[in-house]
Amino acid sequence: MLVNNTSLPAMKDMKVHELLKISVTTQQWSSGHHSWFDVRLKPDTRVDVQWGDGSKSVLLPHQIGLSRAEHYYKKYESDETYHIEFLSESPDALIELQDGLREMTLNHIDFIQCPALLKMRIVNMPETDFTECPALEELDLSNCHCKVLDLRTAPQLRKLSCGYGGCLEKLILTGNDKLEELECQFSPRLTKVSLSNNSSLRRLKLYMTEIDEKSMDFIGRTLKRNQ
């Protein structure tokens, strides 16, 4: 559900919380001037999406499925950088987040306050700190653009997909005892995967990686123990 900013009054008389900030650069040669986000919100909450060019979308909970906010940047004839903000009177409003930033450069994501975020899919994710997403259970980082992916600050993580990218070299999961499923495909530079000694890993999907012998030996023993 997308609500135009003229349909609802601005948030006021209550403290407004910054949930996250996203920096993007549009690409003049593509449809990168079009961006969207699908979200799941807690009942009786709302989120304002400030697009960085003076425009705003208002997100309300959808009874079935996800709510969508989308925007077309007008200056698509040249590369432009915008800073997108998610704001809410409820700091725990955001439960699920999926991005639609396919043909633009994702420069940075800053999670400021996302204590209830359970599920997220972000394409082309750069190096990011997940400290403010402690409840995260499912994470899809297709075409990951970071060299080191450290998820120790997401202890509730149960499912991770981080393949289809040529940048990832090291995956750190030593604080993720509850991780059960790991998928990492087409990551030819990935050589090191570090699991928790108490890892719950039981499903593994690897293809086109170069994980070293030591990492694979530990992964193999972990799978055998859990199955």
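For the numbers below, each heavy atom of this structure counts, side chains included, while hydrogens, waters and symmetry mates do not. Positions are given from 1, in the same order as the sequence printed here.
Between Gln27 and Asp79, the shortest heavy-atom distance links the atoms CA-OD1, 3.6 Å. The heavy-atom pair separating Arg68 from Asp38 by the smallest distance is NE-OD1, 2.7 Å. Taking every heavy atom of both residues into account, Tyr82 and Gly52 meet most closely at CD2-O, 3.9 Å. Here the closest non-hydrogen pair linking Pro43 and Pro61 is CA-CG, 4.2 Å. Heavy-atom minimum distance, Cys146 versus Pro126: CB-C, 3.9 Å. Closest of all the heavy-atom pairs between Leu182 and Val193 is CD2-CG1, 4.5 Å.
Counting only N and O atoms by type, the side chains of His34 and Glu70 include a donor and acceptor under 3.5 Å apart. Using modelled atom types and a 3.5 Å distance limit, the side chains of Asp48 and Ser88 yield no donor-acceptor pair.
Among residues at least two apart or in separate chains, side-chain hydrogen bond (donor to acceptor under 3.5 Å, both in side chains) pairs with a member in residues 167-177 are Asp177-Ser196. Residue pairs that meet the side-chain hydrogen bond (donor to acceptor under 3.5 Å, both in side chains) test with at least one member in residues 218-227, sequence neighbours left out, are Asp217-Arg221.
The salt bridge (charged side-chain N to carboxylate O under 4.0 Å, His left out) test with Glu181 singles out one residue from Arg158, Arg203, Lys205, and that residue is Arg203.
Atoms CD and OG1, from Glu213 and Thr191 in turn, are 13.5 Å apart once rounded to the nearest 0.5 Å. Ser67 OG to Phe37 CZ: the interatomic distance, rounded to the nearest 0.5 Å, is 14.5 Å. A distance of 11.0 Å separates CE of Met120 from CG of Leu118, quoted to the nearest 0.5 Å. Going from atom CG of Leu20 over to atom CG of Leu87 covers 9.0 Å, rounded to the nearest 0.5 Å. To the nearest 0.5 Å, atoms CZ (Phe111) and NZ (Lys21) are separated by 14.0 Å. Interatomic distance, Arg40 CZ to Gln98 CD, rounded to the nearest 0.5 Å: 8.5 Å.
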Report task. Walk me through it: do Leu41 and Leu60 pass the test side-chain contact (heavy atoms from CB on, under 4.5 Å)? Result -> CA-CA 7 Å; Leu41 302 178; Leu60 298 176; 5.6 Å; no

Query raised in the report: How far apart are the C-alpha atoms of Thr25 and Asn107, what are their side-chain angles, what is the distance that settles it, and do they pass the side-chain contact (heavy atoms from CB on, under 4.5 Å) test?
Result: CA-CA 7 Å; Thr25 300; Asn107 303 314; 3.0 Å; yes

Requested in this report: Start with the C-alpha distance between Leu101 and Val123, add both sets of side-chain angles, then the distance that settles side-chain contact (heavy atoms from CB on, under 4.5 Å), and finish with yes or no.
Outcome: CA-CA 7 Å; Leu101 307 173; Val123 177; over 6 Å; no

**Report entry** Test side-chain contact (heavy atoms from CB on, under 4.5 Å) applied to Leu149 and Ile172, step by step
**Finding:** CA-CA 6 Å; Leu149 181 56; Ile172 303 175; over 6 Å; no

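Side chains of Val47 and Val39 form no contact here, defined as non-hydrogen atoms less than 4.5 Å apart. For the pair Leu59/Val49, a side-chain contact is recorded, criterion being any heavy-atom separation below 4.5 Å from C-beta on. Between Thr209 and Pro188 there is no side-chain heavy-atom pair separated by less than 4.5 Å. Counting heavy atoms from C-beta on, the side chains of Leu173 and Leu160 come closer than 4.5 Å.
Under the 4.5 Å side-chain heavy-atom criterion for Ile, Leu, Val, Met, Phe, Trp and Tyr, Leu168 and Met216 are members of the same hydrophobic cluster. Cluster annotation: Ile95 and Leu97 are assigned to distinct hydrophobic clusters (Ile/Leu/Val/Met/Phe/Trp/Tyr, side-chain heavy-atom contacts under 4.5 Å, transitive). Val148 and Leu190 fall into different hydrophobic clusters, where Ile, Leu, Val, Met, Phe, Trp and Tyr side chains are chained together by heavy-atom contacts under 4.5 Å. If you chain together hydrophobic residues whose side chains sit under 4.5 Å apart, Leu179 and Leu204 fall into the same group. With hydrophobic clusters built from ILVMFWY side chains whose heavy atoms lie under 4.5 angstrom apart, Ile211 shares a cluster with Leu223.
Heavy-atom contacts from other residues, nucleotides or ligands closer than 6.0 Å to CD of Glu210 number 12 or fewer.
Without hydrogens or angle criteria, Thr26 side chain to Glu80 main chain gives a donor-acceptor distance under 3.5 Å. A donor-acceptor pair under 3.5 Å links the side-chain atoms of Arg189 to the main chain of Gly166, judged by distance alone. Although no hydrogens or angles enter the test, the distance criterion places no donor-acceptor pair under 3.5 Å between the side chain of Asn197 and the main chain of Ser199. Not one N or O on the side chain of Ser55 forms a donor-acceptor pair closer than 3.5 Å with the backbone of Asp53. Not one N or O on the side chain of His17 forms a donor-acceptor pair closer than 3.5 Å with the backbone of Leu19.
At a threshold of 4.0 Å, the pair Arg121-Asp99 does not count as salt-bridged, since none of the basic side-chain nitrogens sits closer than that to a carboxylate oxygen. Comment: Lys42 does not engage Asp44 in a salt bridge, judged by the lack of any side-chain N to carboxylate O separation of less than 4.0 angstrom. Of the charged side-chain nitrogens involved, none lies within less than 4.0 Å of a carboxylate oxygen, so that Lys214 and Asp212 do not count as a salt-bridged pair.
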Output a table of donor-acceptor pairs, distance under 3.5 Å, between side-chain atoms of residues 132-142 and any protein atom two or more places apart or on a different chain; print 'none' if there are none.
residue : atom : partner : partner atom : Å
Asp140  : OD1  : Ser142  : N            : 3.2
Asp140  : OD1  : Ser142  : OG           : 2.7

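Under the rule for a ring pair (Phe, Tyr, Trp, His ring centres under 6.0 Å), Phe218 has no partner lying at least two apart in sequence or in another chain. Every residue two or more places apart in sequence or in another chain that forms a side-chain contact (heavy atoms from CB on, under 4.5 Å) with His145 is listed here: Asn124, Asn143. Looking at residues two or more places apart in sequence or on another chain, you find a side-chain contact (heavy atoms from CB on, under 4.5 Å) between Pro115 and Asp92, Gln113.
His71 and Trp51 have parallel rings, their planes meeting at less than 30° on a 0 to 90° scale where 60° marks the start of perpendicular.
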